[in-house]
Structure formats: C-alpha cells, structure tokens
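Proteins get letters first, then strands, A, B, ... in listed order; numbering begins at 1 in each.
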Amino acid sequence: MSQAYNPSKIEKKWQQYWEDHATFKVKDDAASPKFYALSMFPYPSGSGLHVGHAEGYAATDIVSRYKRMKGYDVLHPMGWDAFGLPAEQHALNTGEHPKHISKRNIDNYRRQLKSLGLSYDWDKEINTTDPNYYKWTQWIFLQLYKRGLAYVDEVPVNWCPELGTVLANEEVIDGKSERGGFPVIRKPMRQWMLKITAYAERLLEDLDDLDWPESLKEMQRNWIGKSVGAEVTFSIEGHGSFDVFTTRPDTLFGVTYCVLAPEHPLVAEITTAEQADAVKAYQENAALKSDLERTDLAKDKTGVFTGAYAIHPVSGAKIPIWISDYVLISYGTGAIMAVPGHDQRDFEFATKFEIPIVEVIKGGDISQEAYTGSGEHVNSDFMNGMDNEQAIDSMNQWLESNGKGKKKVTYRLRDWLFSRQRYWGEPIPIIHLEDGTMKPIPEDQLPLLLPEMKEIKPSGTGESPLANETDWVNTVDPETGQKARRETNTMPQWAGSSWYYLRYIDPHNNEEICDKEKQERWLPIDLYIGGVEHAVLHLLYARFWHKVLYDIGVVSTKEPFQKLFNQGMILGDNNEKMSKSRGNVVNPDDIVAQYGADTLRVYEMFMGPLDAAKPWSTTGVDGTYRFLNRVWRLFMNEDGNVQDKIQPIEGSDEFKRVWHKTIKKVSADMELLQFNTAISQMMVFVNEANKAEQLPKKAMEDFVQLLSPFAPHLAEELWEKLGHTDTITYAAWPQFEEQWTVDNEIEIVVQIKGKIIDRIHIPSDMEQEEMQEMALSLDKVKAAIEGKTIRKIIAVKGKLVNIVAT
RNA sequence: GCGCAUGUGGCGGAAUUGGCAGACGCACUAGACUUAGGAUCUAGCGUCUCACGACGUGGGGGUUCAAGUCCCUCCAUGCGCACCA
C-alpha cells in the first residue's frame, strides 16, 4: 500500500534533481543539431496560470523532451511579458508600485510552471520590464527612428475628461469608461507611429513559405488586405482636383457621382454657400459617432451634396460631389468614384438620393441590384465589347497615357499606433528641444530608465503619469545645452513581445542585442506554440520588427517563426469558455495537488487534437490518473520492487509486435503533434502488457522512454527503479524494427458488390490472385453468386476482396 | 454580408493513398474480489429487431466495385473581418 504511485512525492524529488543537476541547460554545442521550441510567454496576471496555458506549455515541453532524446541541442526558454495595463490599473487603485505587483505575479507563475515539470533552461529567463531587456527594446526603436520608420502624427484617442486619462479600446464600453462609466470622446493627440505599411508587401509575400496553419495565414492576408486597382484623378469645376482609388477602373463610364469622406480636407474648400450649413452639420454629426457606430448603423446610407461638381476624366461630364460616412478617410484616398450600377454600396446610396444609375456591363438587372460580375462592356466608348479583364487593362493604359491616373496597389493595413499614455511601459528614448525639434537619446546612454515614482496618477492632460515627474521630464540636451522635455509616451505591450525570441538566445549580452553567431545557429524558431488570439497583431508586429532587424543585419533569417501551431481553447465542463463569472474555471494548482503534474499533462494532451477546442472533464482526469496508476503497477509490486515478470527476455512474437508498433506510432505522432493518439497507443501497450505472462525488460524501458515526454516525473522514477543511475532526459529515443510492426496473419473482408459477406484470415503477404481464389472458394460466396455472372473482382492486398456479380 | 474552419455513439475522440466506421478514454450495465468501495479485475456497451437481419459518420443528390474520406447543394455551429471602393 505504502508503495503505491505517489505523484506528490516523486514529482518533488525529480524537480529538485533537475534543478540540482541543471539537467535542461542548453549545451550550445554546435556539434549537435539545434531545436528551438518556444511557447508564447505570458503576461503574469494576478489570477495565475490557467489550464489553457498549461496545454500549450506542455505541448512545447513534450516536443523539447522528445528532441533531446533524439540528440538535439534544445533551446526551450521562458520569460515574462510584464509591462501592461492590468498592473498599472492595479497600481492606480491600490497605490502599490507596478514593479512590485509584477514581481509577485512572476514569482507565482514561476512556481506554477516549475510544478508542472516543464523543462526550461531557467538561465535564459527574461523579463520585458528589466532595464537590461528594455534597453534593447529602446535600441530597436532608435533603429526604426533612424530609418524613418518611427514618426509622430496626430491621431484620435479615447479621451476621458473625468478620469483625465486616455483609455485603451478595451477600457471603453459603449462609449463610456469601463471604470466609472464616464463619457469618452475622440480627441486628436500627438502619437508615435511605426511605418509597418512600408513592409506590407513583404509581410504578405513571405507568408507563403511559412509552416503555419492556413487559416492563420489567411487572417494575416486579410489584415494586410492588398487590393490592386487604379488611382484616377478627377478635376473639380472651379477648384483643383482629387484622386480616387478604385479596383474597377473599367466601370469609369458608369460613374454618376463622387463621394468624399466627411473628414476629407477638400470638403471645406469646394462646398458651395447654399450647401455649407448642411455639410457642416453632417461633418459634426459624423465626428461624434464612434467608429463602431459608423459601421454598425451601416444599413442606412446617409450623405449630403456639397454643391460642387467634378469633371469626368474621360467623357468630361459634370459629376456631383457628395460627402458620406460610408467613405472612410483612412482607406485609399478618402474619396471614391461611385458606380451605382456595379457596386452595391453605391447602388444603395444612389437609390436613396435618386441619383442616376448607368449600366456599363451586361449580365445583371441594375434596376434591382448592382451587378458586380464579369461581362460585356457597353456605354463605355473604347472599352465597348471587352470583358472585365481586358477593360481594366485598357482603361489603365488610357489613364496612364493621358496623365489622368495610373495602376495602383492599396493595403488595408494601417501604420502601428505605437505610443501609450501610460507609466508602465518602456519609455520612448526621445527628447523634445525648446526649439521644437526632437532628438533621439544616444545609444550609449540606453537604457532610459523609468523613474521611480511614489505615486502613479493621471496627469490630467492626457499625457502619461510620467508628466507628473518633473525632475525626470525636464532635462537638458547635452550637445547644445538647450532645455528639453522628455517624451512622456511609453511603448505598447506589443513592443517587448515583438523580439523576445531573439533575446532568449543570448539573454545576458551587455554588448549587443544578440551575438551574431548564436543568432545564426538558433534562428529560425523551429516550433512556436500559442493561442490563436495572437494570430494577427503579435505575430504581424514581431514579423515586422524581425524584417527590420534583417535589413540592418542583426538577424539572418527573413522570418522568425518557421513553424507555428495554435493550441485550441480548453473550455469549461459545460462547454463554455472558462471564466470567473461562469464559475467553471479549473486551476492547475488544484489538479497538481490532487493528481500530480503528470496526470495534468497527460490528460490535457489526451483530451483531443492539440488545435481543437475541447471541454474539461473531471472524470476524464480520473481516467488519466487511473492510467498512470496502471503504469505504475505494471512496473512495481506492492513491496516497492520491480515486478518479477519483467525479465531480460525477448518476449513473445505477439508482444514484440505491440511493442514495436507502439514505438513507431508514438514516434510518428510526436513529429505531427498528435499527442492524443500517441497516448492512446501507449494505453494499448499497457493493456497488452497486463495480459502478458512475462515482459521483456527492453520493451519496458522503451515504453518508459516513450512516456517520459508526457509524464516526465513518473518516467524518471521508473527509469531509476529499472536500474539506471542517470536521468532519462538524454537516453537515446527507442528504435523500432519494421518487421515487427506488421502482422504476419491478418483478417480481411470478402465483399459482394461492396457488402461484407464473410471474413477470412490470411497471411499478410498473400498475393491478389491467391486472395481471389480463396474468396471464391468460400461457401457463403458460392451461395451468393449462384446463378450470377462475375463482372469484376477487386483484390486489395492486405485489405479485402470485392466481387462484382450480377 | 464576406472569408475560413468544423459537423462521427450518451460524452471526449480514432480511422495512411477512398478499402472492416466507432481504436483509446469517460459514462453506463452485469459479474468477481472485498468489512467497505468513488479501489482493483472480468465481460458487455452505435441504432432498430426476440432473432435472422436491416440501418448508420449534419440533410439531400452525385462519382465509384467501394465514400466519414472525392464532387455538387443545403443546413447548423464556431472563429475572423466587417461600408476597405
């Protein structure tokens, strides 16, 4: 009894052993092949680790442990994305400094991760809030600035006058502040922007070579939103001109009006006196609406005529110019040519305001709806008779040679709003001089430290709390002696996480961001596992920074994450997302305390495919725990000794087949991250082993190794009981013999026209003709084909014989 | 609205190239052992039928000797984007 499986005892024992022996320290030995396995690092929140985190971390850990046994030098690090809003909010509420909150949460996370037996090299631990780390985040910012990729712009933010602070989008609910329910308005403020749009094409193109889930690549493609079209210049009667972007230059003869976004700078200039009041009212109304309202209430088109007319670039016709909020200032040129016959939005608008609708492509019924398909062009001068493709080319040529426009590519991707009006983030290393110019802080003066502040409170002006710290804010430019003010904006949480994978390679380097040779050895990341919630922003930002680093010679791969995998969400036992309010949250600490980390790891991997969403089941955990108990008893008797039936023998042919099939299946599943089926095969092995009279020791050792990535503590313990004195971590992964992975006698089915009529046992290597003969000699077959003609016989080796008789 | 996934027993899920649907686990049923059982072991467990047998992978249609798997169509659920010109 006392010698039963005791996870709490053996898990502590082996965690201590691994720590004492630095078992998982990266060897950094160029002689062995490398494997870089990375989990998305967490924001250390106050509520601690979630079973969903554990799933992704366990998966990466299992692969890491497998690769070590396969002879790889494995980099498997962990760290903390510790800047961010929750700590700052907590600081505002309690007065406690965010760095203390952060440290407490990190200590808790580290304890939890260690309790799961994750094989990290803790010497590689990083923390984005550590000045030795954010020094290099600031350094990257300066490289971006030098290359013109960081610039300042006026951008609207969520300003809450009552709180005297700017809010993040997630802090605004229905136009009110989440805390206090105060009104929030859009207010333009000076902001740092990063020119990610300059990399749009490369970010799009290089997706093709990545081993990522296709759905995720698609999300990035949609986010980048490339569209190919033309820019067309319309002159305005009595004024200058404006450009529109269109993907359908072939419909130019169908234009019956133009629309400018309400914010378009030309609106004020071209609006006629009679229309001025209406236009102004419309603009004001549009400005009050949030982005959400503007899109949500999209069903009904609104707009106002400016009184001005554009001149059609080809026909010279007079085209009325309207303003409407269905045209977005942020996309294309903020102005469109409207073709109601062939664009549904324009159709709705034209119908409402009784603007003429002209057909220029045959194929639809434009009295009912816009026709957006392909067809023969009509009413289109030189394009008449052409199809869409020809007409687009033809119009693009005409525009180009007549100086009225050109072919043009537009992206939906916007530049990255990079500043936050917060204390708890990396300070932006820029000073603003008295003369109005700004200047980067010299690289050798980094890091620019966050000042210690007794109290963190809003500045009231919309600037970050740093503005209150006058000693820090007011400075002098050492070069010119001019008075200067430090930038009070800080960087967003995305900054530190956009390059952390690089720092893990060389975390203590004080001379450079990462040693060149080390970087060449370790990049790209061979496996990156994390949640799908980072599908767009984190992964796009990190790719962007990586490409910049590539351009300046810091890294030598075009992409950081060669293979990426999204673990699916773990739902509560009621099939709903886990949340405190639903009361269905499972705390990994509780599972570890009750069943042990090995059970938690094996259960989470056994639940289903790694990328699927799957509900938690308490009885499922019980089942996994029972499995590990069965494993224990298979090896150990009640006196705490290895079972007598484990002997240095070869084993029966039957058992050898299960043994080698298991090695083959588990090895293959490891490569494909199909852990659920690997575990089920190990269960099959255990079921068979329990039936056997005697068990070959070699088979049992192999099994312990197969199990060890999943249940490392149990495996270490059994490995030791089997007489090994060294850790199982680096024991060479078992090999299977192909001959033992196939049965020599198998059961096949005999079908008549696809219906199973009988089953027979045959040697697995029996040839097709012999199979046919055997099938035809069966009584049941003879009876079934009595009086019929055999049309065809299909025999598939090792599978079946199908007789077609009529 | 557009795009991308996913639909298999009571539940989680398995099923190389189209080739025995339901591996493995949970739950359940019966039995054994036991002072006891929420431990352990044995057997059963898709649906209908006493049985023979028939039916069965979201619905309908198709290709094929053979379809969970391929094609068409519809439905449902989830995720992403959402007036992107």
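- Put simply, CG on A/Asn222 is 8 Å from C1' on B/G80, counting in whole angstrom units.
- The separation of B/U47 from B/C70, taken at their P atoms, amounts to 28 Å, rounded to a whole angstrom.
- Contact annotation: A/Lys664 does not reach the phosphate of B/U16 (side-chain N/O to OP1 or OP2, under 4.0 Å).
- Neither OP1 nor OP2 of B/C24 sits under 4.0 Å from any side-chain N or O of A/Arg626.
- Nucleic acid contact class of A/Val796 (heavy atoms, under 4.0 Å, all strands): base.
- A ring pair (Phe, Tyr, Trp, His ring centres under 6.0 Å) with A/Tyr326 is found for one member of A/Phe349, A/Phe347, A/Tyr331 and no other, namely A/Phe349.
- Across the protein-nucleic acid pair, A/Lys755 atom NZ and B/A54 atom C1' stand 9 Å apart, rounded to whole Å.
- Here the side chain of A/Asn676 is nearest to one of B/A23, B/G13, B/G19, namely B/G13.
- Here the separation of B/C24 from B/C45, taken at their C1' atoms, is 15 Å to the nearest Å.
- Contacts of A/Ala338 with the nucleic acid, taken as non-hydrogen atoms under 4.0 Å apart, are absent.
- When heavy atoms are screened at a 4.0 angstrom cut-off, A/Gln751 is found touching base atoms of the nucleic acid.
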Test salt bridge (charged side-chain N to carboxylate O under 4.0 Å, His left out) on A/Lys614 and A/Glu604; report intermediate values, then the result.
CA-CA 10 Å; A/Lys614 36 207 178 264; A/Glu604 290 205 4; over 6 Å; no
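- Residue contacts for A/Arg221: at a heavy-atom cut-off of 4.0 Å it reaches no nucleic acid atom on any strand shown.
- Judged by distance alone, with hydrogens and angles left aside, the side-chain atoms of A/Asn802 form a donor-acceptor pair with the main-chain N or O of A/Gly754 at under 3.5 Å.
- Within 4.0 Å (heavy atoms only), A/Asn629 reaches no atom of the nucleic acid at all.
- To the nearest angstrom, C1' of B/G38 lies 10 Å from OH of A/Tyr595.
- Among the atoms of the strands shown, none is found under 4.0 Å from any heavy atom of A/Gly225.
- If you measure from atom CG of A/Asp346 to atom P of B/C83, you get 14 Å, rounded to the nearest angstrom.
- The 5' end of RNA chain B is approached more closely, in terms of each residue's nearest nucleotide, by A/Glu747 than by the other of A/Gly623 and A/Glu747.
- Open room surrounds NZ on A/Lys780; 12 or fewer heavy atoms of other groups in view lie less than 6.0 Å from it.
- Within the 3.5 Å criterion, the main-chain N or O of A/Val658 finds no donor-acceptor partner in the side chain of A/Glu688.
- Contact between the side-chain N/O atoms of A/Lys753 and the OP1/OP2 oxygens of B/C65 is not found at any separation under 4.0 Å.
- One atom, NZ of A/Lys614, and another, P of B/G78, lie 18 Å apart when rounded to the nearest Å.
- To the nearest whole angstrom, the two P atoms, one in B/U42 and one in B/G59, are 37 Å apart.
- Nucleotide B/G1 holds its C1' atom 16 Å from the CG atom of A/Asp300, rounded to whole Å.
- Pairing of B/A82, defined by two Watson-Crick or G-U wobble distances under 3.5 Å, is not identified with any nucleotide.
- Straight-line distance between the P atoms of B/G13 and B/G7: roughly 10 Å, to the nearest whole Å.
- Within 4.0 Å of A/Glu214, counting heavy atoms only, lies no atom of the nucleic acid at all.
- Under 4.0 angstrom from either OP1 or OP2 of B/A23 there lies no side-chain N or O belonging to A/Asn687.
- Residue-level contact check: A/Ser330 touches neither bases nor backbone, having no heavy atom under 4.0 Å from any strand.
- Residues A/Ser374 and A/Ile361 come closest through the heavy atom pair C-CG2, 4.1 Å.
- Rounded to a whole angstrom, the distance from the C1' atom of B/U8 to that of B/U63 is 22 Å.
- When the C1' atom is compared between B/C48 and B/A5, the two are found 35 Å apart, to the nearest whole Å.
- A/Phe703 and A/Trp659 have their aromatic ring centers separated by at least 6.0 angstrom.
- As rounded to the nearest Å, B/A85 and B/A14 have P atoms that lie 39 Å from one another.
- Taking atom OH of A/Tyr326 as the reference point, atom P of B/C83 lies 13 Å away to the nearest angstrom.
- Residue-level contact check: A/Arg759 touches the bases, meaning some heavy atom is under 4.0 Å from a base atom.
- Contacts of A/Pro609 with the nucleic acid, taken as non-hydrogen atoms under 4.0 Å apart, involve only primed sugar atoms and P, OP1 or OP2.
- Comment: A/Arg657 does not engage A/Glu654 in a salt bridge, judged by the lack of any side-chain N to carboxylate O separation of less than 4.0 angstrom.
- Taking atom CZ of residue A/Arg248 and atom C1' of nucleotide B/A85, one finds them 11 Å apart after rounding to whole Å.
- At the heavy-atom level, A/Ile336 lies under 4.0 Å from base atoms of the strands shown.
- The shortest distance between the side-chain N/O atoms of A/Ser227 and the OP1/OP2 oxygens of B/A85 is below 4.0 Å.
- When the P atom is compared between B/G22 and B/G68, the two are found 12 Å apart, to the nearest whole Å.
- A/Lys301 contributes a side-chain N or O that forms a donor-acceptor pair with the base of B/C83 under 3.5 Å.
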